[in-house]
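Keep in mind the model is a prediction, meaning the values are calculated, not measured.
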Amino acid sequence: MLSLIYRSEAAEGLPNDEIHDLMRNASRFNAQNEITGCLVYHRCHFIHMLEGEENMVRKLFGRISKDKRHSEIILLNLEENKFRLFSQFSTIYNNFCDESDQILHKKMLFHQVFHGSEIFKSPGSSKITLWVHVNKLLKKKTKLSFG
């Protein structure tokens, strides 16, 4: 089982409905290909964790890396795991008008997804990397914290 985490920036001007479609399609594709993980979108940035059979995860990351809907792709973590950290694929996205509601809602969703996963079974760095980078993303330009 391979876990891969990356971050990226959404292409300038990417419409919200296209982001929503991208996340919905990712969930459908991943379910069909036994890929689990978590995809978070906030303020034009993605953090994406993929986990599954090594060849499939690497092939999918190759496709994702060529996708013009985002850029500045940075690989944050690549690790072999004995257990899936997530039993299904989750997406965290919303577009409330009130910025503070967006942040609070995303933090609550991520907290539920993260703590509702099988993450406690894995002592590896994937769970720490995911937690740290999502926390940083959601704390940008805000005094709200998460814990």
Side-chain angles (χ1 to χ4, degrees), residues 1-96 99 102-142 144 146:
M1 176 86 48
L2 185 69
S3 294
L4 183 150
I5 304 171
Y6 73 90
R7 74 174 189 220
S8 65
E9 292 182 24
E12 192 172 326
L14 190 65
N16 286 328
D17 58 341
E18 193 166 337
I19 294 165
H20 183 72
D21 288 346
L22 180 149
M23 296 186 94
R24 188 175 58 244
N25 292 337
S27 291
R28 187 179 314 120
F29 176 88
N30 291 347
Q32 292 171 348
N33 291 281
E34 298 181 8
I35 293 174
T36 57
C38 184
L39 175 58
V40 178
Y41 177 80
H42 183 67
R43 289 189 182 148
C44 300
H45 291 87
F46 294 100
I47 295 180
H48 196 177
M49 177 181 191
L50 300 167
E51 55 186 2
E53 189 272 319
E54 181 174 353
N55 288 337
M56 182 53 104
V57 169
R58 288 183 185 275
K59 183 177 177 181
L60 178 56
F61 183 62
R63 280 185 39 216
I64 289 169
S65 297
K66 296 174 185 170
D67 191 322
K68 299 297 184 201
R69 293 176 288 189
H70 65 151
S71 63
E72 305 298 323
I73 299 166
I74 299 171
L75 183 62
L76 300 172
N77 187 276
L78 186 63
E79 177 181 47
E80 285 288 328
N81 279 316
K82 292 183 181 182
F83 304 100
R84 288 182 186 269
L85 301 181
F86 295 92
S87 59
Q88 59 186 4
F89 188 77
S90 300
T91 60
I92 298 174
Y93 167 80
N94 56 39
N95 192 34
F96 300 132
E99 179 70 12
Q102 256 194 73
I103 293 167
L104 290 173
H105 186 72
K106 286 176 185 172
K107 286 180 181 186
M108 180 199 67
L109 286 174
F110 183 70
H111 182 78
Q112 289 174 343
V113 167
F114 189 85
H115 291 291
S117 72
E118 299 292 315
I119 214 145
F120 63 88
K121 290 183 179 180
S122 173
S125 64
S126 294
K127 67 181 178 182
I128 296 166
T129 301
L130 183 63
W131 180 264
V132 166
H133 284 275
V134 169
N135 188 26
K136 281 182 186 177
L137 178 64
L138 294 177
K139 284 175 71 174
K140 275 188 176 178
K141 296 183 183 175
T142 181
L144 299 172
F146 142 113

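In this structure, the separation between SG on Cys44 and CD1 on Ile19 is 6.5 Å, given to the nearest 0.5 Å. The line from CD1 of Ile73 to CG of Asp67 is 7.5 Å long, rounded to the nearest 0.5 Å. With values rounded to the nearest 0.5 angstrom, His48 atom NE2 is found 8.0 Å from Met23 atom CE. From Arg43, atom CZ reaches atom CD of Glu9 across 13.5 Å, with rounding to the nearest 0.5 Å. Between the CD atom in Glu53 and the CG atom in Leu2 there is a gap of 9.0 Å [rounded to 0.5 Å]. A distance of 9.0 Å separates CD in Glu80 from CE in Met1, rounded to the nearest 0.5 Å.
Counting heavy atoms from C-beta outward, His133 and Ile5 have side chains that stay 4.5 Å or more apart. With a 4.5 Å cut-off on side-chain heavy atoms, Asn77 and Leu4 do not count as touching.
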Margin query: Pair Arg7, Val40 - check side-chain contact (heavy atoms from CB on, under 4.5 Å), show working.
Written below: CA-CA 9 Å; Arg7 74 174 189 220; Val40 178; over 6 Å; no
Note to self: One pair to check against side-chain contact (heavy atoms from CB on, under 4.5 Å): Asn30 and Thr36. What are the steps and the verdict?
What the structure shows: CA-CA 6 Å; Asn30 291 347; Thr36 57; over 6 Å; no
Check: Taking it one step at a time, do Asn25 and Arg28 satisfy side chain to side chain donor-acceptor pair (under 3.5 Å)?
Finding: CA-CA 5 Å; Asn25 292 337; Arg28 187 179 314 120; 3.0 Å; yes
Checklist line | Verdict with supporting geometry, His45 and Ser8, side-chain contact (heavy atoms from CB on, under 4.5 Å) | finding: CA-CA 6 Å; His45 291 87; Ser8 65; over 6 Å; no
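In plain terms, the two heavy atoms of Met56 and Ile35 that are nearest each other are CG-CD1, 3.5 Å. Residues Ala26 and Leu39 share a closest heavy-atom pair of CB-CD2, 4.4 Å. Nearest heavy atoms, Glu51 versus Arg84: O-NH1, 3.2 Å. Shortest non-hydrogen contact noted between Gly52 and Val57 is N-CG2, 3.4 Å. The nearest pair of heavy atoms linking His42 to Leu137 is CD2-O, 3.5 Å. Residues Phe86 and Cys38 approach most closely at CZ-CB, 4.0 Å, considering heavy atoms.
Arg63 forms a cation-pi arrangement with Phe29, by the criterion of a distance under 6.0 Å to the ring centre and an angle within 45° of the ring axis.
The aromatic rings of Phe61 and Tyr6 lie tilted to each other, with the angle between the two planes from 30° to 60°.
The environment of CD in Glu34 is sparse: at most 12 heavy-atom neighbours from other residues, nucleotides or ligands sit within 6.0 Å.
His70 contributes a side-chain N or O that, together with a main-chain N or O of Ile64, makes up a donor-acceptor pair within less than 3.5 Å.
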